[in-house]
Structures are given as C-alpha cells and as structure tokens.
Amino acid sequence: MRADRLWPVHVVLAVGAAAMVLPFFWEVLTSLKTFTEATRVPPVWIPSFQWSNYVKIFEQTPFLHQFWNTVAMTVIRTCGQLLFCSMAAYAFARLKFPGRNVIFVALLSVLMVPGQLFLIPQYQIIQGLGWLNTLPGLVGPGVFSAFGTFMLRQFFLGLPSEVEEAARIDGAHPIRIYWSVMLPLAKPGLMALGVLTVMWSWNDLMWPLIVNTDPEQMTLSAGLSSLQQEHLNEFHVLMAGSLVASLPMIILFIVMQKQIIQGIAFTGSK
C-alpha cells in the first residue's frame with residue numbers, strides 16, 4: 001500500500017493513542033492541583049503545581065510499607081504462578097496418567113465461575129490458618145491459577161516432541177525433561193504469563209482490601225482506596241498517590257518493552 005494512502009490509518013491510530021494518554025495526562029494535572037482546582041466545574045486545565053500533594057501521600061498513609069507489601073506480593077505471586085502453573089501445564093500437555101482429561105476439564109470449569117464466589121471460602125481458609133493481616137494471606141490464593149495452567153498447556157502442546165523424545169532416549173526422567181528441556185523452550189510463554197501476573201497482582205484491589213485491614217499490611221491499591229471518604233474526597237492527593245503507585249509498572253514496561261511484546265505475540269501465534 002502506498003504511503004499516501006495510509007493517512008486514514010494514521011489518523012485512527014492518533015485518535016486511539018490520544019484517548020489512551022488523555023486519562024493519564026489528566027491524572028498528572030490533577031495531582032498538581034489544589035482541592036478547589038480539582039473539584040471546580042468547569043475543570044481547571046492549568047494547575048497551580050502543588051508539589052506538596054506528593055508529600056501528603058506519605059503523611060496520610062504508610063506508603064512505604066504498602067509499597068513493599070505490594071512488591072513482595074507481586075514477586076511471590078508471579079514466581080509461584082510461573083512454577084506451579086508450568087508444572088501443571090507440562091503434566092497435562094506431555095504426561096499420560098489416568099483421568100488426565102477429566103481433571104483438566106474440572107480445572108477449566110473454574111474459569112467459568114466468577115472469582116467473587118471464592119472470596120468467602122478463601123477468607124475462611126485464611127482466617128482458619130491465622131493469616132489475616134499477613135503477607136502469606138495476601139499471596140496464598142494467587143500463587144496458582146487455572147488460566148495460567150491453560151495458557152502454558154497450550155504453549156507446551158505447540159512445542160516439538162522430538163526434543164523431548166531425544167532427552168527421554170538419553171535417560172532423562174520427566175522432572176529433568178521439564179526443568180532442563182521444556183522449560184527453557186517455553187520462555188516466551190512464561191514471559192507472557194509473568195507480565196500478566198505482575199499487572200494483575202500490582203492492581204489487585206478486592207482481595208487485599210478484604211484480607212488485610214491493618215494499614216501497614218495493606219497494598220498500595222487498598223491503601224489508596226482508604227483515602228476515599230464518605231463526605232470528602234481529596235482527589236488531588238489521591239491522583240498523586242495513584243501516579244506514584246503506577247510508576248513501577250511504567251518503568252517495567254519501558255525497560256522490558258521488547259521482551260513483553262515478543263512474549264505475548266509469540267504466545268498468541270501458538
């Protein structure tokens with residue numbers, strides 16, 4: 001297609017990019033406003049640059065505690081999903097055992113059930129273990145997922161069987177084949193699942209808000225939600241906290257942009 005005929009595509013992409021960037025741009029502007037400017041109608045576009053809003057985040061919430069809680073929860077959940085989901089996916093894709101298909105269908109049925117239905121049973125289990133207001137209570141239900149297992153199983157099914165057969169002929173047992181042969185080949189799929197898990201864990205609100213009520217044991221999403229009051233919402237402070245909380249994900253995407261896009265594209269092609 002000639003370059004001069006691509007201008008409609010460029011216009012559509014520009015409009016779409018503007019629609020995606022505008023909310024973030026408005027968040028930055030609001031984080032620098034006073035309370036009056038943030039709530040004024042019609043809206044104020046040029047803020048008075050109140051940098052003190054970022055200081056108020058650390059004064060009104062235990063922000064650093066919540067930040068490290070979020071980092072720990074995200075890292076543990078991601079590592080757990082990559083390990084346990086890949087083990088289960090490899091077993092369902094490559095190993096033959098009685099009831100394999102029945103168990104896999106039962107696992108997939110979990111995807112059809114709204115996650116909110118599991119909140120009460122999960123809370124009762126965490127309460128029975130004495131894990132309320134603790135890090136294990138935060139990460140426990142998130143270290144394994146049916147979606148991650150299904151996703152990696154489809155990836156393992158697409159890998160060539162000749163490599164696995166060669167390793168088996170050389171005397172490698174299933175665990176060695178999984179760890180030394182198949183897992184390195186599944187790196188793009190693991191990368192895609194890791195990115196999705198990091199984003200889901202970092203932005204998770206419902207479970208951290210339920211299981212941890214101590215402000216110093218909350219995550220960033222739950223801690224920022226506590227700034228919303230019944231009669232008065234300091235939107236300028238809330239936007240400042242949201243912006244600071246989103247910076248790690250922005251930096252992560254900038255640093256690993258190439259690997260993230262390749263991983264998701266390669267996994268989708270399978």
Side-chain angles (χ1 to χ4, degrees), residues 13-75 77-78 115-116 119 132-135 137-139 142 195-257 260:
L13 292 176
V15 173
M20 296 293 293
V21 173
L22 183 59
F24 180 78
F25 179 69
W26 185 253
E27 179 184 36
V28 174
L29 293 179
T30 305
S31 69
L32 297 174
K33 295 178 181 179
T34 63
F35 175 78
T36 303
E37 292 173 341
T39 56
R40 181 177 297 175
V41 179
V44 176
W45 285 93
I46 305 300
S48 57
F49 295 98
Q50 299 293 318
W51 299 103
S52 59
N53 293 337
Y54 292 90
V55 179
K56 292 180 181 179
I57 287 295
F58 296 90
E59 295 175 347
Q60 298 182 11
T61 63
F63 192 87
L64 291 180
H65 285 87
Q66 295 173 358
F67 175 81
W68 290 116
N69 291 337
T70 308
V71 171
M73 180 186 71
T74 302
V75 171
R77 278 184 175 183
T78 303
Q116 292 80 359
L119 289 178
L132 295 179
N133 288 313
T134 64
L135 182 60
L138 276 176
V139 304
V195 170
L196 295 176
T197 305
V198 167
M199 294 176 59
W200 165 68
S201 297
W202 193 269
N203 297 321
D204 189 15
L205 171 62
M206 185 173 295
W207 178 250
L209 195 62
I210 292 174
V211 73
N212 283 2
T213 56
D214 184 357
E216 292 193 355
Q217 299 298 329
M218 289 181 174
T219 60
L220 286 175
S221 57
L224 291 175
S225 67
S226 65
L227 293 176
Q228 297 185 7
Q229 304 174 15
E230 183 177 358
H231 301 291
L232 178 64
N233 289 322
E234 296 183 286
F235 295 108
H236 54 308
V237 179
L238 184 60
M239 290 298 103
S242 300
L243 182 61
V244 175
S246 63
L247 284 179
M249 292 295 99
I250 297 175
I251 296 174
L252 178 66
F253 180 79
I254 294 175
V255 173
M256 302 186 64
Q257 181 178 6
I260 291 172

Query - Interatomic distance, Met199 atom CE to Phe253 atom CZ [nearest 0.5 angstrom] - result: 9.0 Å
**Report entry** Donor on one side chain, acceptor on other, Thr219 and Ser221, under 3.5 Å
**Finding:** yes
Query raised in the report: Which pair of non-hydrogen atoms, one from Pro62 and one from Pro215, has the smallest distance, and what is that distance?
Result: CG-O, 3.6 Å
Query raised in the report: Do the numbers put Arg77 on top of the ring of Trp202, so that NZ or CZ is under 6.0 Å from the six-membered ring centre and no more than 45° off the axis?
Result: no
Query raised in the report: Which value, rounded to the nearest 0.5 Å, describes the distance between Thr30 atom OG1 and His236 atom NE2?
Result: 10.5 Å
Query raised in the report: So, do Val237 and Ile57 sit near enough that their side-chain heavy atoms are less than 4.5 Å apart?
Result: yes
Query raised in the report: Heavy-atom count around Leu247 CG within 6.0 Å, excluding the residue itself: above 12?
Result: yes
Query - Residue pair Gly137 / Val211: nearest heavy atoms and the distance that separates them - result: O-CG2, 4.0 Å
Query raised in the report: Heavy-atom distance under 4.5 Å between the side chains of Leu224 and Thr61, does that happen here?
Result: no
Query raised in the report: So, the side chain of Asn133 versus the backbone of Asp214: is there a donor-acceptor pair under 3.5 Å, distance only?
Result: yes
Report task. Taking Thr78 for its side chain and Val75 for its backbone only, find out whether a donor-acceptor pair lies under 3.5 Å. Result -> no
Query - Side chains of Phe25 and Leu29 in contact at under 4.5 Å (non-hydrogen atoms) - result: yes
Report task. Apply side-chain contact (heavy atoms from CB on, under 4.5 Å) to the pair His65 and Gln217, showing each step before the final yes or no. Result -> CA-CA 7 Å; His65 285 87; Gln217 299 298 329; over 6 Å; no
**Report entry** Ala245 versus Pro248, closest heavy-atom pair with distance
**Finding:** O-CD, 3.3 Å
Query raised in the report: How about Leu32 and Gln50: do any of their side-chain heavy atoms sit closer than 4.5 Å?
Result: no
Query raised in the report: How about Glu27 and Ser242: do any of their side-chain heavy atoms sit closer than 4.5 Å?
Result: yes
**Report entry** Atom pair NZ (Lys56) and CG (Leu238), whose distance is rounded to the nearest 0.5 Å
**Finding:** 13.0 Å
Report task. Begin with the C-alpha distance, continue with both residues' side-chain angles, and end with the deciding distance and a verdict on side-chain contact (heavy atoms from CB on, under 4.5 Å) for Ser31 and Asn53. Result -> CA-CA 7 Å; Ser31 69; Asn53 293 337; 5.6 Å; no
**Report entry** Expected output: side-chain Asn69 to main-chain Leu220 donor-acceptor under 3.5 Å
**Finding:** no
Query raised in the report: Heavy atoms, side chains only, cut-off 4.5 Å: are Val244 and Phe63 in contact?
Result: yes
**Report entry** CG on Asn212 to CG on Leu135, rounded to 0.5 Å
**Finding:** 8.5 Å
**Report entry** Distance-only polar pair, side chains of Glu37 and Ser48, donor-acceptor under 3.5 Å
**Finding:** yes
Query raised in the report: Considering residues, nucleotides and ligands other than Met206, do more than 12 of their heavy atoms fall under 6.0 Å from its CE?
Result: no
Query raised in the report: Are Lys33 and Trp26 in a cation-pi contact, defined as NZ or CZ under 6.0 Å from the six-membered ring centre and within 45° of the axis?
Result: yes
Requested in this report: Given side-chain contact (heavy atoms from CB on, under 4.5 Å), test Trp200 with Thr74 step by step and report yes or no.
Outcome: CA-CA 9 Å; Trp200 165 68; Thr74 302; over 6 Å; no
Query raised in the report: How far does CG of Leu138 sit from CD1 of Ile210, to the nearest 0.5 angstrom?
Result: 11.5 Å
